[in-house]
Number of protein chains: 2
Amino acid sequence: MSEQSSEMEIVHLLRKVTVEFGLRQAEFASRNGMHPTDVRALICLLDAERAGTDATAGWLGAQLGLNSAGTTAVIDRLEGLGHLTRTRDPRDRRRVLLAVDPRAVELGWAFFGPLIENTVTVLRDFDESETEAVRRFLSAAHQAVTAIA
Amino acid sequence: MSEQSSEMEIVHLLRKVTVEFGLRQAEFASRNGMHPTDVRALICLLDAERAGTDATAGWLGAQLGLNSAGTTAVIDRLEGLGHLTRTRDPRDRRRVLLAVDPRAVELGWAFFGPLIENTVTVLRDFDESETEAVRRFLSAAHQAVTAIA
DNA sequence: CTCTATTATCTCGCTGAGCGAGATAATATC
DNA sequence: GATATTATCTCGCTCAGCGAGATAATAGAG
């Protein structure tokens with residue numbers, strides 16, 4: 001029963017990280033008067049910003065797996081807290097572009113910063129082939145996890 | 001702006017995996033008439049079983065970050081779907097022990113099996129030092145993510 | 001061995017996240 | 001210019017999860 005392949009052990013480890021990370025997200029959310037979905041929304045928006053893609057309401061809803069009504073509600077909440085700004089897209093005035101307020105980013109760093117820095121510090125002690133192995137593994141995992149959709 | 005350290009790239013990759021995994025969980029949940037929390041509950045219970053620890057209602061609630069009322073509701077739902085069995089602990093009859101039904105495990109494998117097998121397959125091509133690097137990284141990440149609690 | 005304190009779970013009533021259906025407004029097509 | 005399509009929002013509803021408190025079993029003090 002406790003006979004586990006080394007590979008499965010790693011898969012379980014990865015899953016534990018994802019589960020635990022979800023709990024921290026929820027904690028961060030409730031501490032700042034938000035809900036887990038709101039935090040995930042902010043993460044998606046920051047990813048979009050980093051990637052240079054326009055973040056519209058509909059796009060966000062698709063990312064979060066919400067319908068349009070739910071998406072509007074998330075955006076209303078985040079806008080109400082001042083974490084977000086709505087702007088009508090001048091090129092296509094049906095669309096609403098979303099921009100994260102810098103304060104929201106700071107809030108996130110205050111909570112997740114230590115976690116991120118810890119992780120980065122660990123990686124500094126890895127040699128090139130080791131970081132490369134981690135990157136390869138995570139890329140594969142990411143691909144595997146998106147492939148079922 | 002697109003100047004990113006190699007370490008941060010890996011952190012973002014890990015985060016993307018966790019976010020994406022959360023979406024798959026939600027998808028699996030709704031496909032089987034459940035909610036994300038129910039799926040997370042099953043995962044926790046299977047972990048407990050694997051570790052050989054008793055899974056009580058209160059323990060589960062703590063794992064999920066729910067209060068007792070919410071915990072009872074989750075258990076009621078899962079029991080109603082036949083994914084779970086309640087048993088009064090004979091040693092301490094205040095406690096309720098939870099056991100996952102084998103059918104629920106099969107259901108999970110049908111959905112997540114391909115994902116897991118893909119990931120395991122990737123790892124088979126890694127040599128010992130590489131798997132060791134992945135394990136070390138994930139352990140560190142797990143520790144970092146639990147440390148903020 | 002009873003009385004009280006503690007622990008584990010459950011019940012009740014309520015708030016609000018997210019859904020379905022449909023309204024509104026801007027753009028695209030013919 | 002009439003119609004179809006796309007993007008977002010509004011309304012009413014369901015149900016997950018919360019707070020407060022009930023219930024039942026165990027532990028401890030006298």
Side-chain angles (χ1 to χ4, degrees), chain A residues 22-23 25-45 48 53-81 83-99, chain B residues 22-23 25-45 48 53-81 83-99:
Chain A
L23 286 174
Q25 248 177 238
E27 203 179 318
F28 171 71
S30 78
R31 249 190 230 189
N32 294 93
M34 300 162 76
H35 296 264
T37 301
D38 304 337
V39 178
R40 280 169 49 208
L42 288 176
I43 291 176
C44 286
L45 293 175
T53 35
D54 288 354
T56 66
W59 174 86
L60 180 63
Q63 296 296 310
L64 297 173
L66 295 181
N67 77 356
S68 65
T71 305
T72 300
V74 174
I75 297 171
D76 283 350
R77 266 177 276 155
L78 289 173
E79 195 182 35
L81 288 168
H83 295 331
L84 198 81
T85 338
R86 269 184 172 103
T87 327
R88 280 278 163 197
D89 186 341
R91 296 181 180 256
D92 182 343
R93 291 170 44 72
R94 289 170 304 180
R95 307 205 307 167
V96 167
L97 297 176
L98 306 171
Chain B
L23 286 175
Q25 248 177 238
E27 204 180 317
F28 171 71
S30 78
R31 249 190 231 189
N32 295 94
M34 301 162 76
H35 297 265
T37 301
D38 304 337
V39 178
R40 281 168 48 208
L42 287 176
I43 290 176
C44 285
L45 293 175
T53 36
D54 288 354
T56 66
W59 174 87
L60 180 64
Q63 297 295 311
L64 298 173
L66 295 181
N67 77 358
S68 64
T71 305
T72 300
V74 175
I75 297 170
D76 283 349
R77 267 176 275 153
L78 289 173
E79 195 182 36
L81 288 168
H83 294 333
L84 197 81
T85 338
R86 269 184 172 105
T87 326
R88 282 277 163 197
D89 186 341
R91 296 183 179 253
D92 182 344
R93 291 171 44 72
R94 289 170 303 179
R95 307 206 307 167
V96 167
L97 297 177
L98 306 171

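Predicted model only: the values in this text are computed from it and were never measured. The sequence lines fix the lettering, A, B, ..., with proteins before strands; numbering per chain opens at 1.
Computed from coordinates, the A/Leu78 CG to C/dG18 P distance equals 11 Å when rounded to whole Å. Going from atom CG of A/Leu60 over to atom P of D/dA7 covers 14 Å, rounded to whole Å. With rounding to whole Å, B/Leu97 atom CG is found 8 Å from C/dT9 atom P. Summarising the geometry, the separation between CD1 on A/Ile75 and C1' on C/dA17 is reported as 15 Å, rounded to the nearest angstrom. Across the protein-nucleic acid pair, B/Met34 atom CE and C/dG18 atom P stand 18 Å apart, rounded to whole Å. Rounded to an integer number of Å, the gap from CZ of A/Arg95 to C1' of D/dT5 is 15 Å.
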Expected rows: protein N/O vs nucleotides 15-17 of chain D N/O, under 3.5 Å:
| unit_1 | atom_1 | unit_2 | atom_2 | d |
| --- | --- | --- | --- | --- |
| D/dA16 | OP1 | B/His35 | NE2 | 2.7 |
| D/dG17 | OP1 | B/Thr37 | OG1 | 2.5 |
| D/dG17 | OP2 | B/Arg77 | NH2 | 2.9 |

What protein N or O atoms touch nucleotides 22-30 of chain C N or O atoms at under 3.5 angstrom, if any, and at what distances?
| unit_1 | atom_1 | unit_2 | atom_2 | d |
| --- | --- | --- | --- | --- |
| C/dT27 | OP1 | A/Arg93 | N | 3.0 |

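Note that CG of B/Leu64 is 5.0 Å distant from SG of B/Cys44, once rounded to the nearest 0.5 Å. Here CG of B/Asp38 is found 4.5 Å from CG of B/Leu78. Values are rounded to the nearest 0.5 Å. Annotation: the span from B/Leu42 atom CG to B/Thr37 atom OG1 amounts to 11.0 Å, rounded to 0.5 Å.
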Salt bridge (charged side-chain N to carboxylate O under 4.0 Å, His left out) between A/Asp92 and A/Arg94, worked out: CA-CA 5 Å; A/Asp92 182 343; A/Arg94 289 170 304 180; 2.9 Å; yes

Worked verdict on A/Leu23 versus B/Gln63 for side-chain contact (heavy atoms from CB on, under 4.5 Å): CA-CA 9 Å; A/Leu23 286 174; B/Gln63 297 295 311; over 6 Å; no

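Partners of A/Arg86 according to the side chain to side chain contact (heavy atoms under 4.5 Å, CB included) rule, which considers only residues two or more places apart in sequence or in another chain, are A/Thr72, A/Ile75, A/Asp76, A/Glu79, A/Val96, A/Leu98. Residues passing the side chain to side chain contact (heavy atoms under 4.5 Å, CB included) test with A/Arg31, sequence neighbours excluded: A/Glu27, A/Phe111. Checked against side chain to side chain contact (heavy atoms under 4.5 Å, CB included), B/Ala73 has the following partners two or more places apart in sequence or in another chain: B/Arg77.
When atom types are taken as modelled, the side chain of B/Asn32 and the backbone of B/Met34 share no donor-acceptor pair closer than 3.5 angstrom. Not one N or O on the side chain of B/Arg93 forms a donor-acceptor pair closer than 3.5 Å with the backbone of B/Arg88.
The side-chain heavy atoms of B/His83 and B/Val39, taken from C-beta on, include no pair separated by under 4.5 Å.
In the helix from C/dC1-D/dG30 to C/dC30-D/dG1, the terminal helix axes, each the rotation mapping four pairs' C1' atoms onto the next four within five end pairs, subtend 20°, rounded to 10°.
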